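The structure under discussion appears below in the form of structure tokens.
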Amino acid sequence: MDKQTQTELEAAAFRALVAHLDTRKDVQNIDLMNLAGFCRNCLSKWYLAAATEQGVALDYDQAREQVYGMPYEEWKEKYQAAATPDQLAAFAASQQ
């Protein structure tokens, strides 16, 4: 496979992941962190790192908006629930 095709496939997979996460707003970031070790914020940081590597002017809030589909603060107000004690305990255990 040539490099351009690989890049296009990777970009399509990323877009599909972001679209899937957009349909699952019920899945909280802490759930993603506990199950998969990454969350929407991680994707945003990776997106920002890729932009920086390519010399694209982008800040963290803009990167998060690409992943969340809206400003992060708006997403938090609409969809983020407080983490439960069980979620926090699972997260703490995974960090050790």
Side-chain angles (χ1 to χ4, degrees):
M1 174 183 323
D2 64 83
K3 203 69 164 147
Q4 180 63 33
T5 301
Q6 179 182 351
T7 298
E8 290 170 6
L9 294 174
E10 291 167 350
F14 175 80
R15 288 189 297 271
L17 174 60
V18 169
H20 177 74
L21 289 173
D22 191 50
T23 67
R24 293 300 312 268
K25 292 180 178 82
D26 60 309
V27 178
Q28 297 293 301
N29 281 334
I30 196 161
D31 295 324
L32 290 169
M33 287 297 295
N34 288 341
L35 293 172
F38 78 97
C39 68
R40 292 171 182 89
N41 289 324
C42 297
L43 286 176
S44 302
K45 289 174 185 174
W46 299 336
Y47 190 89
L48 177 59
T52 301
E53 186 177 298
Q54 294 295 315
V56 175
L58 192 72
D59 65 30
Y60 185 48
D61 288 332
Q62 292 169 319
R64 285 201 294 196
E65 192 164 337
Q66 292 298 313
V67 171
Y68 284 91
M70 64 185 69
Y72 177 62
E73 293 303 320
E74 181 181 341
W75 193 93
K76 276 180 31 178
E77 286 177 25
K78 289 182 176 182
Y79 305 109
Q80 185 168 312
T84 67
D86 287 344
Q87 288 170 319
L88 293 172
F91 180 75
S94 73
Q95 300 302 301
Q96 296 176 7

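Only heavy atoms go into these numbers, but all of them, side chains included; no hydrogens, no water, no symmetry mates. Nothing fancy with the numbering, it's 1 onward along the sequence. Everything numeric in this text was worked out from a predicted model, so none of it was measured.
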Could you tabulate the donor-acceptor pairs under 3.5 Å formed by side-chain atoms of residues 74-81, not counting sequence neighbours?
residue, atom, partner, partner atom, Å
Glu74, OE2, Lys78, NZ, 3.1

Would you mind writing out the side-chain donor-acceptor pairs for residues 1-8 within the sub-3.5 Å range, not counting sequence neighbours?
residue, atom, partner, partner atom, Å
Asp2, OD1, Gln4, N, 3.1
Asp2, OD1, Thr5, N, 2.9
Asp2, OD1, Thr5, OG1, 3.2
Asp2, OD2, Thr5, OG1, 2.9
Gln4, NE2, Glu8, OE2, 2.8
Gln6, NE2, Glu10, OE2, 2.9
Thr7, OG1, Lys3, O, 3.0

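For Ala49, there are no side chain to side chain contact (heavy atoms under 4.5 Å, CB included) partners two or more places apart in sequence or in a different chain. Looking at residues two or more places apart in sequence or on another chain, you find a side chain to side chain contact (heavy atoms under 4.5 Å, CB included) between Asp61 and Asp59, Arg64. Remark: Phe38 pairs with Trp46 by the ring-ring contact (aromatic ring centres under 6.0 Å, His included) rule, at least two apart or across chains. Applying the salt bridge (Lys or Arg N to Asp or Glu O under 4.0 Å) test to Lys25 and every residue at least two apart in sequence or in another chain returns Asp22.
Nearest heavy-atom pair, Leu58 versus Ala63, reported as atom, atom and distance to 0.1 Å: CD2-CB, 4.1 Å. Closest of all the heavy-atom pairs between Asn41 and Tyr60 is CB-OH, 3.6 Å.
Judged as a ring-ring contact (aromatic ring centres under 6.0 Å, His included), not a single pair has a partner in residues 17-36 (not counting sequence neighbours). Legend: side chain to side chain donor-acceptor pair (under 3.5 Å) pairs involving residues 47-58, not counting sequence neighbours: none detected. Residue pairs meeting the side chain to side chain donor-acceptor pair (under 3.5 Å) criterion with at least one partner in residues 26-37, sequence neighbours excluded, are Arg24-Asp26, Asn29-Arg40, Asn29-Tyr68, Asp31-Gln87.
Using a 4.5 Å cut-off on side-chain heavy atoms (C-beta onward), Leu43 and Leu21 make contact.
Here Phe91 sits in one hydrophobic cluster together with Ile30, Met33, Leu88; the rule is ILVMFWY side chains under 4.5 Å apart, joined directly or through other members.
There is no path of hydrophobic side-chain contacts, each under 4.5 Å, that joins Leu32 to Leu35.
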